[in-house]
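First comes the structure, then the notes that go with it.
Predicted model, so just to flag it, every value in this text is computed and none were measured. Read the numbers this way: they start at 1 and go in the same order the structure lists the ligands and their atoms.
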Amino acid sequence: MSERILMNKYVVYGLMFVVLLLSACKNKFDGSVSTAPENLEAKDPNIIIFYVDDLGYGDVGAYGAIGVDTPAIDKLAALGVRFTDAHSSAATCTPSRYSLLTGEHGFRSNAAILPGDAPALIRPGKATLPSMLKKAGYATAVVGKWHLGLGNGDVNWNESISPGPLDIGFDYSFLLPATGDRVPTVYLENRKVVNLAPSDPLIVSYKEKVGNRPTRRERPDLARVVADDQHSDTIINGVSRIGTMAGGESALWVDEEFPDVFTSKAVEFITKNRNKPFFLFHSYHDIHVPRLPHPRFIGKSKMGPRGDAIVQMDWMTGQIVDTLEKLDIADNTIIIFTSDNGPVLTDGYDDKAIEMLGEHKPWGPFRGGKYSAYEAGTRVPMIVYWPNRVTASVNDQLMSQMDIYASLAKLLNIELGLKEALDSIQNLDALLGTGTSLRTELIEESFATNSLRVENWKYISPVGSNNLAGFVADKNIDGGFKTQPQLFNLEHDIGEQHNLAAQRPELVKKFQTRLEQIIDSGYQ
Ligand code: NG6
Ligand code: CA
């Protein structure tokens, strides 16, 4: 009898323990302060951002791709929240990346496409997404494309390079320093160029030719991809680049090895940190130019190198998800999959992307593309996948990549500083697909102007000169840079074909004023 009482007592204690544990987890997810003892807390979720380069709204299966299969990404979309009105902050790379990492519009720091030897744009001391997460106990890493500048200008690539990612919140970095089409064509691990021999120093110049390596201008016969004049400087791995480069022979990357090199670095970081919360910014080179997929992916789409690069990128995504599953940490990992700007077909090299496009629509139903002020410039795929936490859904609400910062802060119960992530709106419920989006307006930055979305209205601010049409790489794409204001109602005109500016001058005035207000003082 007394034994039964004792057993019952233990059952009751056991139940109390479970209840306590559950309430600790619930408090954590509610974002409210947990009063449970430390050891009863669930581990904070890992966070992975897959940031694809130049992937258009319509470029993956879940968003209507025709010429290419993307099973790994489609799985995330089928089980996660798939956004249909999510935006990068800009229609080009550097400002979008700046915004993702700082929660601030690129124009606040004059962010523009950077040359390969540009100084670090995000300066030490600036609050960033990785620095916020690091303070919260996360291990943080960036693997892949950087394109946010390094050092203080006039970088000596043969020495320890700083400032860089390690000075703004990342514990580990393994980088393609700028873009695949820009020198230097070497990897940078933390502060050092990988495999550099001191006897063969690396020199980079964007002003004059350095070294003896031929340029495509001098020896077109040595280049295996046809390039425009801008991309006809030093030939490396048979491909001419922007900028010239001498030395560093033992450190040169082989473009075709990117998927394996970057995947192995990402897997290594995840495996090493599987018992801690970690943040991985997995920033892909694909599907930016030059598109040189590994031979095993060649011919795997119907669209030539551009489609094959999408297949390769899908494979990379699947490798990481498989790793999480093998390590049994997938359920406690939030994955955000998205792109830095809209699609482009010909961006300096001729790899038959136009000729082999078929019925595939990289832009989805939208007008424009990379660089452009029309929707396809910034409206990109965005998927949030978190097994057991996020319910599969399609979400048509307005969402910005800038909002990831404040939303994750809310999830982790971190209070942001007064000026931290100025343009980031706490939008956690919408991000997880459980509530109404608090983002009702958004500036879309393009190459030559700014646009303002206010719910379904889209206003494009006029540009000063008529000569800007050529600033969109694809000849068939209209950048939308007009000397007259443009106003569209996306509810009835998703393709931005009917300019209502003349009919609704009061709205034009109101939106132009609001645009200037946000630029001056943020979304308040
Ligand atoms: C442009 C390049 C383009 C691409 C882009 C950066 C020319 C004419 N065009 O200046 O090829 O490299 O910069 O792309 O040089 S992004 O996705 O990183 O913004
Ligand atoms: Ca890009």
Checklist entry - How does K145 reach ligand 1, by side chain, by backbone, by both or by neither, if only non-hydrogen atoms under 4.0 Å count? => result side chain

Item to check | Atom indices of ligand 1 within 4.0 angstrom of N341 heavy atoms, with elements | outcome: 17 (O)

Checklist entry - Which atoms from ligand 1 have a heavy atom of I242 less than 4.0 Å away? => result 15 (O)

Checklist entry - Below 4.0 angstrom, N of the basic side chain to O of the carboxylate: do R453 and E441 qualify? => result no

Checklist entry - For V289, is at least one N or O under 3.5 Å away from an N or O on ligand 1? => result no

Checklist entry - Identify the closest protein heavy atom to atom 8 (C) of ligand 1: which residue and atom is it, and at what distance? => result Q230 CG, 3.6 Å

Next on the checklist: Evaluate K126 against D167 for salt bridge (Lys or Arg N to Asp or Glu O under 4.0 Å), listing each step before the verdict.
Outcome noted: CA-CA 10 Å; K126 176 96 187 156; D167 305 291; over 6 Å; no

Checklist entry - So, does G348 sit close enough to ligand 1 that a heavy atom of it is under 4.0 Å from the ligand? => result no

Item to check | Positive for salt bridge (charged side-chain N to carboxylate O under 4.0 Å, His left out) with K370, one of D340, D54, D474 | outcome: D54

Item to check | Minimum-distance protein heavy atom relative to atom 1 (C) of ligand 1 | outcome: R182 NH2, 3.6 Å

Checklist entry - To the nearest 10 degrees, how large is the angle at the Ca ion (ligand 2) between D54 OD1 and N341 OD1? => result 90°

Next on the checklist: Nearest 0.5 Å, please: how far is CZ in R217 from OG in S240?
Outcome noted: 8.5 Å

Next on the checklist: Closer than 4.0 Å to some heavy atom of D53 - which atoms of ligand 1 meet that?
Outcome noted: 17 (O)

Next on the checklist: Using a 3.5 Å cut-off on N or O atoms only, is H288 in polar contact with ligand 1?
Outcome noted: yes

Checklist entry - Going from CD on E445 to CD1 on I519, what distance comes out if it is rounded to the nearest 0.5 angstrom? => result 8.5 Å

Next on the checklist: Would R439 pass as a cation-pi partner of Y523, given that its NZ or CZ must be under 6.0 Å from the six-membered ring centre and within 45 degrees of the axis?
Outcome noted: yes

Next on the checklist: Looking at K482 and E496, is there a salt bridge between them, counting it only when a charged N and a carboxylate O are closer than 4.0 Å?
Outcome noted: no

Checklist entry - Tell me: protein heavy atom nearest atom 16 (S) of ligand 1, and distance? => result C93 CB, 3.1 Å

Checklist outcome for this item: Taken to the nearest 0.5 Å, the spacing of I270 CD1 from I48 CD1 works out to 4.0 Å

Checklist entry - Can you tell me which residue and heavy atom of the protein come closest to atom 14 (O) of ligand 1, and the distance to 0.1 Å? => result K370 NZ, 2.8 Å

Checklist outcome for this item: Judged by heavy atoms only, the candidate from T179, D347, D181 nearest atom 12 (O) of ligand 1 is D181

Checklist entry - Can Y187 and F262 be said to form a ring-ring contact (aromatic ring centres under 6.0 Å, His included), step by step? => result CA-CA 10 Å; Y187 300 115; F262 292 130; 5.7 Å; yes

Checklist entry - Is any side-chain N of the basic residue among R213 and E218 closer than 4.0 Å to the acidic one's carboxylate O? => result no

Checklist entry - Would you call D59 and R306 a salt bridge, using N to O less than 4.0 angstrom? => result yes

Checklist entry - Taking only heavy atoms of H147, which atoms of ligand 1 are found under 4.0 Å from at least one of them? => result 18 (O)

Checklist entry - Can you name the N, O or S atom of D53 that is closest to the Ca ion (ligand 2)? => result OD1

Item to check | D340, N/O/S atom nearest the Ca ion (ligand 2) | outcome: OD2

Checklist entry - Considering only the protein, which heavy-atom contact is closest to atom 9 (N) of ligand 1, and what is its distance? => result H231 CE1, 3.8 Å

Item to check | Under 3.5 Å: N/O of T94 near N/O of ligand 1 | outcome: no

Next on the checklist: Quick check: closest heavy atoms across K209 and T215, and the distance to 0.1 Å?
Outcome noted: CD-CG2, 4.2 Å

Checklist entry - For ligand 1, does Y371 get within less than 4.0 Å through its side chain, its backbone, both, or neither, judged by non-hydrogen atoms? => result side chain

